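Following: one structure in structure tokens, then a few remarks.
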Amino acid sequence: MRVLIFTEVLAPYVSGISSYVEVLRKGLEELGHQVAVVTSSPHIREASYKDGIIRCPAKYVSNKYGYECKNYSDPSIITFISSFKPDIVHIHTDTKIGYMGLLVADKTYSPVVFTIHDYFMDRYASSNSDLVWNLKTYFEKRHFRDMLDNSEIVTSSCSRASIFVQKADRKRKVMLIRSDTDTDKFDYRRSTPASVRKMRNKLGLSPRSTVAVFAGKLTVEKNLEFLLAAFAKYIKKSDNIELLIVGDGTETDYLKDVCAKLKISDMVVFAGAVANSIMPDIYSACDIYVCSSEDGLMSMSFVEAMACGLPVLVKEDKEKIVHHTINHGLNGFVYTKNSEFAKYLKTLAGLDEKKRSMIRQLVRDTLITSNSTSMAKQYVRAYELALQKYKRKQYK
């Protein structure tokens with residue numbers, strides 16, 4: 001099968017979508033399928049093709065990703081991409097690259113699979129103007145609907161995506177496909193005590209502290225202010241616990257200001273955006289993964305951290321979906337209040353080295369059955385269903 005994947009962002013851009021596409025592509029190719037990825041980059045002036053990746057020029061815009069494809073309807077680029085002759089067009093965004101995917105699908109008579117990675121209203125949640133926010137989210141909602149209306153199959157890694165579809169006033173069934181990661185790449189056993197010390201020193205972390213890490217885009221829906229408030233109220237310097245925040249986004253400066261106001265700047269380290277290639281070393285240098293979003297979809301960093309053996313502290317979401325992944329007290333803890341977060345954090349920080357080692361292997365074992373091909377196999381099934389649905393539509 002020839003699969004053409006469209007994603008606005010791809011490595012070296014650091015995001016869950018980038019990692020997701022990377023794992024999917026690897027899995028599909030291991031299963032013998034041909035894959036090409038179409039993405040955008042603000043660092044090029046002309047479209048380029050290398051190693052199965054077609055990069056299109058992008059312009060900087062004030063959306064969640066910071067940029068989008070500059071001319072998604074360029075006839076020459078559309079013709080070039082269409083020459084791949086895809087059996088399936090798989091779209092991972094409703095931004096301009098997503099629309100390019102729809103144009104190519106129409107030109108090549110290919111069925112479309114659309115994967116929901118985020119919610120259209122999230123992308124402008126940081127706007128301080130109600131008028132701007134309402135206007136921009138109106139257009140985002142329309143883009144989201146366009147992808148839903150022109151796809152044969154809609155997928156997501158989290159059942160909450162169905163709620164997003166309902167809020168977009170659409171009735172579409174969402175096929176759930178579990179997020180997997182490269183468990184060979186994300187394996188704490190590849191690290192050594194020396195490499196852990198080196199990474200901690202590079203990040204400015206204490207060699208002997210317990211490090212709780214969050215990785216992802218620093219945006220409003222991540223609810224990171226909750227974690228900072230919990231640290232300020234319940235974690236003392238004598239507890240020897242540090243919070244490492246990896247990533248960048250619209251909330252970066254604000255969160256740093258919050259740390260200063262709460263007087264916890266000496267307990268929180270902002271690493272900024274880093275290459276996904278060094279994330280296994282970063283996770284291996286940490287002890288616990290923490291997140292506090294209540295309404296996001298399943299984060300790839302969440303899965304990657306668990307593959308590296310990090311127990312997870314995660315805030316209970318509105319629909320209690322997180323309980324499907326976290327076995328409370330076994331591979332992590334689910335909390336509701338910041339006092340509970342602090343209690344579980346201190347419990348894990350108080351474990352001796354032997355127990356920490358046992359927990360790392362236990363957490364990793366909960367994901368060890370996952371690999372790049374398991375997610376790819378699920379998508380092959382989705383592609384087959386999309387082809388069947390598309391053919392039936394053509395005969396009508």
Side-chain angles (χ1 to χ4, degrees), residues 7 9-11 13-28 30 92 115-118 155-161 175-191 212-217 221-222 244-247 274-317 321-328 330-334 359-379:
T7 172
V9 293
L10 194 67
Y13 185 97
V14 180
S15 79
I17 299 175
S18 299
S19 300
Y20 193 95
V21 171
E22 178 185 347
V23 172
L24 175 58
R25 180 192 180 189
K26 177 183 176 183
L28 290 171
E30 287 177 355
H92 291 261
T115 296
I116 301 173
H117 288 284
D118 54 22
T155 77
S156 182
S157 61
C158 180
S159 59
R160 186 176 293 112
M175 183 177 181
L176 292 181
I177 295 181
R178 176 180 171 174
S179 296
D180 288 334
T181 190
D182 188 337
T183 53
D184 290 331
K185 175 182 176 181
F186 289 90
D187 186 348
Y188 69 92
R189 294 171 300 185
R190 291 178 176 269
S191 297
V213 59
F214 166 83
K217 294 295 291 183
E221 74 274 10
K222 302 299 184 181
L244 173 65
I245 298 178
V246 181
V274 302
N276 185 261
S277 59
I278 69 169
M279 284 308 301
D281 292 329
I282 290 178
Y283 289 136
S284 297
C286 299
D287 303 288
I288 306 159
Y289 186 84
V290 295
C291 56
S292 49
S293 176
E294 296 177 307
D295 54 10
L297 300 181
M298 184 59 67
S299 168
M300 279 296 288
S301 58
F302 186 109
V303 181
E304 291 168 352
M306 291 183 72
C308 277
L310 298 190
V312 176
L313 295 185
V314 56
K315 198 171 191 300
E316 183 170 87
D317 53 289
I321 292 170
V322 71
H323 290 277
H324 301 163
T325 302
I326 299 301
N327 188 331
H328 187 78
L330 183 65
N331 58 5
F333 294 96
V334 180
I359 286 179
R360 273 193 183 268
Q361 189 57 49
L362 180 64
V363 172
R364 179 173 165 80
D365 285 345
T366 64
L367 287 178
I368 199 62
T369 55
S370 300
N371 53 56
S372 57
T373 59
S374 64
M375 183 168 76
K377 286 176 182 176
Q378 295 176 76
Y379 267 112

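Predicted, not measured: the structure shown is a model, and the values here were computed from it.
Taking all atoms of both residues into account, the shortest heavy-atom contact from S301 to A215 is OG-O, 2.9 Å. Scanning both residues, D182 and V23, for their nearest heavy atoms gives N-CG2, 4.1 Å. What you find for L310 and Y289 is that their closest heavy atoms are CB-N, 4.0 Å.
Counting heavy atoms from C-beta outward, T183 and D187 have side chains that stay 4.5 Å or more apart. V312 is not listed as a side-chain neighbour of N331, based on a closest heavy-atom distance of 4.5 Å or more. No side-chain heavy atom of V213 sits less than 4.5 Å from a side-chain heavy atom of I288.
Atom CZ of R189 is separated from atom CG of D184 by 9.0 Å, given to the nearest 0.5 angstrom. Rounded to the nearest 0.5 angstrom, H117 NE2 and S179 OG are separated by 8.0 Å. To the nearest 0.5 Å, atoms SG (C308) and CD1 (I282) are separated by 10.5 Å. Put simply, CZ on F214 and OG on S292 are 7.0 Å apart, with the number rounded to the nearest 0.5 Å. With rounding to the nearest 0.5 angstrom, the OG1 atom of T181 is 8.5 Å from the CD atom of E22. Taking CG from L24 and OG1 from T7, the interatomic distance works out to 10.5 Å, rounded to the nearest 0.5 Å.
Applying the salt bridge (Lys or Arg N to Asp or Glu O under 4.0 Å) test to D287 and every residue at least two apart in sequence or in another chain returns R200, R356. Under the rule for a ring pair (Phe, Tyr, Trp, His ring centres under 6.0 Å), Y188 has no partner lying at least two apart in sequence or in another chain. With sequence neighbours excluded, the residues forming a salt bridge (Lys or Arg N to Asp or Glu O under 4.0 Å) with R25 are E29, listed by chain and number.
A donor-acceptor pair under 3.5 Å is absent between the side-chain atoms of S156 and the main chain of A161, judged by distance alone. D180 contributes no side-chain N or O that, together with a main-chain N or O of S374, makes up a donor-acceptor pair within less than 3.5 Å.
There is no side-chain donor-acceptor pair under 3.5 Å between S157 and Y20.
Classified by interplanar angle (parallel below 30°, tilted 30° to 60°, perpendicular above 60°), the ring pair F186/Y283 is tilted.
The residue from K185, E304, M279 that alone fulfils the side chain to side chain contact (heavy atoms under 4.5 Å, CB included) condition with S19 is E304.
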Self-check item: Test side-chain contact (heavy atoms from CB on, under 4.5 Å) applied to V21 and L10, step by step
Solution: CA-CA 8 Å; V21 171; L10 194 67; 3.9 Å; yes
Exercise. Test salt bridge (charged side-chain N to carboxylate O under 4.0 Å, His left out) on D281 and R190 and set out the steps.
Key: CA-CA 9 Å; D281 292 329; R190 291 178 176 269; over 6 Å; no
